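For reference, the structure discussed in these notes is given below.
All figures in this text were calculated on a predicted structure; none of them were measured in a lab. Counting starts at 1 for both ligands and their atoms, following the listed order.
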Amino acid sequence: MTAETTDTTANATDTTATDTETGATATPMGFGRMHRKEDARFIRGRGNYVDDVRLPGMLHGAILRSPHAHARILSVDASAAEAHPGVKAVITGETLAGMDLAWMPTLSGDVQAVLATDKVRFQGQEVAFVVAEDPYTARDALELIEVDYEPLEPVIDARRALDEGAPVIRDDVEGRTGNHIFDWEAGDREQTDAIFERAEVTVAQDMLYPRVHPAPLETCGAVADFDRVTGKLTVWCPTQAPHAHRTLYALVAGLPEHKIRVISPDVGGGFGGKVGIYPGYVCAIVGSIATGRPVKWMEDRSENLMSTAFARDYHMRGEIAATRDGKVLAIRVKVLADHGAFNGTAQPTKFPAGFFGVFTGSYDIRAAHCEVTGVHTNKAPGGVAYACSFRITEAVYLVERMMDVLACELDADPAELRMKNLIRPERFPYTSPTGWEYDSGDYPRALRLALDMVEYDKLRAEQAERRRDGGPLLGIGISFFTEAVGAGPRKHMDILGLGMADGAELRVHPTGKAVLRVSCQSQGQGHETTFAQIVAAELGVSPDDVEVVHGDTDQTPFGLGTYGSRSTPVSGAATAIVARKVRERARLVAAAMLEASPDDLEWSVSEAGGRWSVQGSAEHGRTIQEIAMAAHSNLELPEGVEGHLDAVTVYNPPNLTYPFGAYVCVVDVDPGTGQVKVRRFVAVDDCGVRINPMIVEGQIHGGLADGIGMALMQLMAFDEDGNHLGASFMDYLLPTSMECPSWELGETVTPSPHHPVGAKGVGESATVGSPAAVVNAVLDALRPYGVRHADMPLTPANVWSALQGTPIRTDLAVT
Ligand code: MCN
Ligand code: CUN
């Protein structure tokens, strides 16, 4: 299939009429707008989340956390808590050490303390776990545990972590003498440096992508139920990757995988924060094994913000070499990555830093080089997630900020500068200087559409007028992003250290109703709807006739789960392929029914549904429902056909998919207060063929709101002692409809050439692409004041300070 670009959703199966109120349709026979099937239960409050799980005899756990960022544990005395009425067990690091469970492997190959034994390494770290008859008793008993700490000097500023004599945080790692974790690099240093030496123009800029948090509405938690008779452990937890969790639980608990069942029920938002395993999950499991009763643990909001995986914390220095007329020749980047106390989520030297390798963005740049150094600090572990596609967020922010810095230096128009450097459509498939093969795209078309939608020239004229006449400052910011989603093709093993295939199973009942089983897990993305639509499109049935089962390892085939917007690129592809297998089986059965050769049959989908019929005589055919019934009957089938239509597949993606987009943000800035108001936001996204345009738009709306949050208000700040200054929604701000404009969305459709239905992932696109547009807009407004850069979040205080000529440092002790 060759990549074809169209301006609107190219989708032959989208035949149904639009409901003018909502833009939704009556159920389409395949792709198209339809309301989410899951809405019926979500909006009626009938979802089933982990905290809704109530089992007979269930006990409740609570975690005692460290008040210090860095301290030696001299002693833990739990005797008073153990004696407290209603308390069933107190588990400490020592208890776990006795079971060889005090440390657990992280998905990165690092280890993380389940409950601290030797030292605490961040404020909020898990120290002890109380199991009691009810959650209140468990919390009360925490106060009876006496821990004797010897405070140690903490390392909070990543830029001090490698200083001579800096306190060593991970002295648990044999031979560790400092806080250095890894060095990673990509690109050709020599070639890049040579271009820089000869370049007509070079620019450099330091910038910080601050620490932010995914902050899902539902916090994390688990219910663990170990059955002492059968030896089976069932764990309910809101995970994005149930099968990965099962394997890790097996490794941690020493139980065989077939004796472990992980159920991820409805999940109230993940945004990357629910990929990894948290100590509380392991504590609930140990608590259940110890007491023989089910144990529930649910964290509260502050615990979630303090101890679960954060994101970003990338200190970056970008440099661009260009010609005087604005052709970018090379880009050079140095990053200091703050990974906190433990490397929570993904492979330190490969996975998180690895994706940063797309830092040349959407531009045809000859040479590039980048180095990332990872360090530990006394902050919560992680260093990856938050709708980020694993470091692409940082990379996009960097290159898009740098393009504006270059525009500033050359006194060029940022739109023209981008247009001049975008990868041309004829260059696809395009191999980047760091070895990534972008599958398809028409970038100039997307940028042109965005500029037309926002009426760019008119805005620039208004801006010139404002600058002449005074009044609120007007800023226009552009960001063009390319994402790389759908981990993980085996060909990226060397870059990412991961190769991941997803299974899919499709059962077709005698009446033609179907059950699809997939390994990915929805946290609000609407998989029950869109995955049913993929089957529906392939089989010519209604999505209402396809039930999607996910989130339960006993019920679904193995796969790596939902993150890096991989569900559509990987599980979605598996779904299309398994449905095609069913369709091919149906062909054989239809041939037997029609007493024809399978080769003489043709497939068609009409409003009446999908059918196999004899070529050239459509009336001589059988519907998929008739075929399904026949497949379960005593119809005489040809040799080699077993009957039934059920099929199974495993899909290995040949490449990532590369969605892209052009965003334009328009802001008004009050120079007196530094207040930023987002006036307009135009987002043109291309995620290939859209399965459900309404869900895609919802994903983009959410991501754009994320972008406003990060650019203008979100920050996980710490004081110099490592006290966490953002542990509630009073301090860690989420954007609301008050801060968001009415989004203006546009689309182009460039199908992915290697995906069975031409779709690319979209779940993180807007979060990845939007912060740079907002920041570029604010800095564009401040341009007459000579401000070239200020770090996120651009709070009124920060903007005002920048206007006075002293942008503030946002990562430390700023609220
Ligand atoms: N879709 C579509 N057509 C396309 C691409 C996607 O109709 N061409 C649909 C999909 O079928 C799916 C949804 O859009 O219903 C998102 O698909 P995809 O881009 O494949 O992303 P995933 O389903 O893998 O979701 C993961 C992604 C990630 S990694 C984060 S983080 C994030 C995000 O999704 N977390 C979310 N969006 C979120 N949305 C909600 N409500 N909650 C979260 O926690
Ligand atoms: Cu990086 S957040 Mo999403 O990939 O689960």
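Atoms of ligand 1 found under 4.0 Å from any heavy atom of A387, numbered from 1 in the order shown, are 31 (S). Near G269, meaning under 4.0 Å from any of its heavy atoms, are these atoms of ligand 1: 44 (O). Heavy-atom proximity to C388, at under 4.0 Å, picks out these atoms of ligand 2: 1 (Cu), 2 (S). Within the listing of ligand 1, atoms 22 (P), 24 (O), 25 (O), 26 (C) sit less than 4.0 angstrom from a heavy atom of T562. Set against the non-hydrogen atoms of G272, the atoms of ligand 1 under 4.0 Å away are 31 (S). Close approach to G761 involves these atoms of ligand 1, each under 4.0 Å from a residue heavy atom: 19 (O). Listed by number with element, the atoms of ligand 2 under 4.0 angstrom from any heavy atom of F390 are 1 (Cu), 4 (O). Applying the 4.0 Å criterion to heavy atoms of C687 picks out, from ligand 1, the atoms 8 (N). Listed by number with element, the atoms of ligand 1 under 4.0 Å from a non-hydrogen atom of Y563 are 29 (S). Set against the non-hydrogen atoms of E764, the atoms of ligand 2 under 4.0 Å away are 1 (Cu), 2 (S), 3 (Mo), 4 (O). Residue F271 has at least one heavy-atom neighbour below 4.0 Å for each of these atoms of ligand 2: 2 (S). Every atom of ligand 1 is numbered from 1 in the order shown, and the set under 4.0 Å from a heavy atom of T530 is 7 (O), 10 (C), 11 (O), 12 (C), 15 (O).
In terms of protein heavy atoms, atom 7 (O) of ligand 1 is closest to N692 N, 2.9 Å. Summary of contacts: the protein heavy atom closest to atom 39 (N) of ligand 1 is Q699 NE2, 3.2 Å. Nearest non-hydrogen protein atom to atom 2 (C) of ligand 1 is V696 CG2, 3.3 Å. Closest to atom 42 (N) of ligand 1, if we only count protein heavy atoms, is Q523 O, 3.3 Å. Given atom 5 (C) of ligand 1, the protein heavy atom at minimum distance is K760 O, 3.1 Å. The nearest protein atom to atom 19 (O) of ligand 1, hydrogens excluded, is given as V762 N, 2.5 Å; this is a heavy-atom distance. In terms of protein heavy-atom proximity, atom 41 (N) of ligand 1 is closest to G524 O, 3.2 Å. Nearest protein heavy-atom neighbour of atom 43 (C) of ligand 1: F271 CE2, 3.3 Å.
Figure legend: R391 and F355 shown without cation-pi pairing, the cationic atom not lying both under 6.0 angstrom from the six-membered ring centre and within 45 degrees of its axis. With Y563 as the aromatic partner, R566 meets the cation-pi criteria of under 6.0 angstrom to the ring centre and within 45 degrees of the ring axis. For R36 and F42, the positive end is not near the middle of the six-membered ring at less than 6.0 Å and at most 45° from its axis.
Not a single heavy atom of P216 sits closer than 4.0 Å to an atom of ligand 1. Taking a 4.0 Å cut-off on heavy atoms, P569 registers as neighbouring ligand 1. Using 4.0 Å as the threshold, G688 has no heavy atom nearer than that to any atom of ligand 1. For G702, the closest heavy-atom approach to ligand 1 does not fall below 4.0 Å.
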Assess the residue pair N692 and R33 against the criterion (side-chain hydrogen bond (donor to acceptor under 3.5 Å, both in side chains)); give the C-alpha distance rounded to whole Å, side-chain angles, the decisive distance to 0.1 Å, and a yes or no.
CA-CA 5 Å; N692 184 328; R33 289 174 182 275; over 6 Å; no
Go through Y651 and T575 one step at a time and tell me if the side-chain contact (heavy atoms from CB on, under 4.5 Å) criterion holds.
CA-CA 9 Å; Y651 179 74; T575 297; over 6 Å; no
Report the C-alpha separation of D544 and K37 in whole Å, then their side-chain angles, then the decisive distance to 0.1 Å, and conclude whether the side-chain contact (heavy atoms from CB on, under 4.5 Å) test is met.
CA-CA 8 Å; D544 292 335; K37 291 172 154 208; 4.1 Å; yes
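On a distance-only criterion, G270 and ligand 1 share at least one N/O pair closer than 3.5 Å. For ligand 1, the polar-atom distance check finds no N/O of C388 at less than 3.5 Å from any of the ligand's N/O atoms. In terms of polar-atom proximity, defined here as any N/O pair under 3.5 Å, V689 does make such a contact with ligand 1. At a 3.5 angstrom cut-off on N or O pairs, Q240 counts as close to ligand 2. Between A759 and ligand 1, a contact under 3.5 Å exists for no N or O pair. Inclusion of H527 in the set of residues having an N or O under 3.5 Å from an N or O of ligand 1 is warranted.
Closest heavy-atom contact between T239 and Q521: O-CG, 3.3 Å. Considering every non-hydrogen atom in both V549 and T556, the closest pair reads O-CG2, 3.6 Å.
Under the 6.0 Å cut-off for aromatic ring centres, Y430 and Y438 qualify, their centroids lying closer than that. Checked against the 6.0 Å centroid threshold, F558 and H243 count as a close aromatic pair. Within the 6.0 Å centre-distance limit, the rings of F480 and Y443 are counted as a close aromatic pair.
Between P771 and Y209 there is a side-chain heavy-atom pair separated by less than 4.5 Å. In this structure the side chain of H527 reaches within 4.5 angstrom of the side chain of S567, judged on heavy atoms. In this structure the side chain of L516 never reaches within 4.5 angstrom of the side chain of E547, judged on heavy atoms. For the pair E38/D266, no side-chain contact is recorded, criterion being any heavy-atom separation below 4.5 Å from C-beta on. The side-chain heavy atoms of Y663 and L704, taken from C-beta on, include a pair separated by under 4.5 Å.
The nearest non-hydrogen atom to atom 13 (C) of ligand 1, considering only Q521, Q525, R36, comes from Q525. Nearest to atom 4 (O) of ligand 2 by heavy atom, out of A387, G564, S565, S389, is G564. When V275, L217, T568, V485 are ranked by how near their heavy atoms come to atom 17 (O) of ligand 1, first place goes to T568.
Taking the six-membered ring for Trp and thresholds of 30 and 60 degrees, H339 and F182 have ring planes more than 60 degrees apart, a perpendicular arrangement. Using a 30° and 60° split on the angle between ring planes, F359 and F356 fall in the parallel class, below 30°.
Contact annotation: for Y386 versus ligand 2, heavy atoms closer than 4.0 Å belong to the backbone alone. Counting heavy atoms closer than 4.0 Å to ligand 1, residue I695 contributes side-chain atoms (C-beta onward) but none from N, CA, C or O.
Side chains of S752 and T657: no donor on one and acceptor on the other come within 3.5 Å.
Residue pairs satisfying the salt bridge (Lys or Arg N to Asp or Glu O under 4.0 Å) criterion with at least one member in residues 754-772, sequence neighbours excluded, are listed as follows: D439-K760.
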